[in-house]
Amino acid sequence: MDPTSRQLPHPASQKPRIRDFEANLPLPSTAIPRPSNFAINKLRELEYVELYYFTPEGLAEAITYDHSATHDALTFAQIDGTIVLCPSSTSNPSPNAVPDDVLTWRQMTIAKTTLLRCMANTGWANNYIAALNKFYTCLEAHQTRFEPEGEASLLQYQAEVRREWHDALDPSRPGLAFDISQINEDRITTTMANILNRKHAANVLRLVNHHSA
């Protein structure tokens, strides 16, 4: 199947109300990280959500926030064009969430693993998950990582491209979306040049201010 053709999950009405279980099957030896209800809801709606929610910091915050939210705390939200009442924890973003490009490399690599697993658990088709997994695998192995400002450049690239990919997946847009797993080397080169130029300009300004003080 074309990785750019969008597959929607089955309607909730077609899903069983509860999964079956296997007799005598023990639980996993390690706890499975659970992002916030807000992040999970975004994924179920096939929408963009910041990587922050899948970092260790975001997961720790989710434990505190979601457990403290009362069940009767409701708010209005728009789902598929319809205004509905939802628990506030599913519609309110975290005040601590930050853009992807300000995460550390470690935060990004941990978060993407949790993100991919949660996409599989919230109805995303395998071709989308495989494309995004390849995208991150290519970035982690990219030679730019070992150059000055290399990781910062790749973080900026992934932040911009993943957001653009989600925008391109909007079914109201004409044509097909691009394949995120195809790394645009020219775009990475341009991103790195811009970061280096900004850093150079900041250093020059710092020197000017120092001499004029």
Side-chain angles (χ1 to χ4, degrees), residues 1-9 35-36 38-55 58 77-81 91 93-94 96-145 147 149-199:
M1 180 177 292
D2 190 328
T4 57
S5 61
R6 194 173 198 184
Q7 294 180 351
L8 297 178
S36 69
F38 171 82
I40 293 297
N41 189 57
K42 283 286 188 180
L43 290 180
R44 285 177 179 154
E45 295 298 320
L46 307 179
E47 296 178 359
Y48 172 85
V49 62
E50 290 82 359
L51 277 180
Y52 166 82
Y53 292 97
F54 307 94
T55 64
Q78 182 170 328
I79 300 178
D80 294 332
S91 57
S94 166
N96 300 315
V98 296
D100 284 7
D101 58 333
V102 302
L103 297 176
T104 66
W105 187 265
R106 178 179 179 274
Q107 285 177 315
M108 185 271 287
T109 56
I110 293 175
K112 59 90 176 174
T113 301
T114 305
L115 169 65
L116 291 167
R117 192 197 69 251
C118 289
M119 288 174 67
N121 293 336
T122 52
W124 283 78
N126 289 337
N127 53 335
Y128 295 90
I129 299 171
L132 192 59
N133 181 53
K134 183 179 178 181
F135 169 73
Y136 281 113
T137 299
C138 290
L139 293 184
E140 288 180 300
H142 203 279
Q143 67 274 10
T144 298
R145 279 192 63 191
E147 299 179 21
E149 300 300 328
E151 289 189 348
S153 301
L154 293 175
L155 284 168
Q156 179 74 39
Y157 174 86
Q158 70 85 26
E160 294 176 356
V161 172
R162 191 171 71 89
R163 187 61 181 260
E164 291 172 16
W165 185 56
H166 275 270
D167 291 343
L169 292 176
D170 187 336
S172 66
R173 293 197 173 194
L176 298 176
F178 64 89
D179 184 352
I180 194 172
S181 68
Q182 301 302 303
I183 304 300
N184 188 316
E185 299 294 341
D186 291 339
R187 180 80 171 262
I188 290 178
T189 299
T190 300
T191 300
M192 174 177 279
N194 290 337
I195 289 177
L196 290 173
N197 287 338
R198 288 197 298 269
K199 184 177 181 180

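The distance from atom CG of Leu103 to atom NZ of Lys112, rounded to the nearest 0.5 Å, is 14.0 Å. Atoms CG and CH2, on Asp179 and Trp165 in that order, are 8.5 Å from each other to the nearest 0.5 Å. To the nearest 0.5 angstrom, Arg117 atom CZ is 11.5 Å from Ile129 atom CD1.
Comment: Arg187 engages Glu164 in a salt bridge, judged by a side-chain N to carboxylate O separation of less than 4.0 angstrom.
The side chain to side chain contact (heavy atoms under 4.5 Å, CB included) with Phe54 is formed by just one residue from the set Ile110, Leu116, Val49; it is Val49.
Side chain of Arg173 to backbone of Asp167: a donor-acceptor contact under 3.5 angstrom is found. Not a single donor-acceptor pair under 3.5 Å links the side chain of Arg44 to the backbone N or O of Gly123. Put simply, the side chain of Thr55 never gets that close to the backbone of Leu51: no donor and acceptor are under 3.5 Å apart. Looking at Tyr157, its side chain does come within 3.5 Å of a backbone N or O of Asn184 through a donor-acceptor pair.
When side chains are defined from C-beta on, Tyr53 does not count as touching Lys42, because their heavy atoms never get closer than 4.5 Å.
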- Task: I would like to know whether Tyr136 and Lys134 meet side chain to side chain contact (heavy atoms under 4.5 Å, CB included); could you show each step before the answer?
- Result: CA-CA 5 Å; Tyr136 281 113; Lys134 183 179 178 181; over 6 Å; no
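A donor and an acceptor atom, one from each side chain of Glu147 and His142, are nowhere located under 3.5 Å apart.
Other residues, nucleotides and ligands place more than 12 heavy atoms under 6.0 Å from the CZ atom of Arg145.
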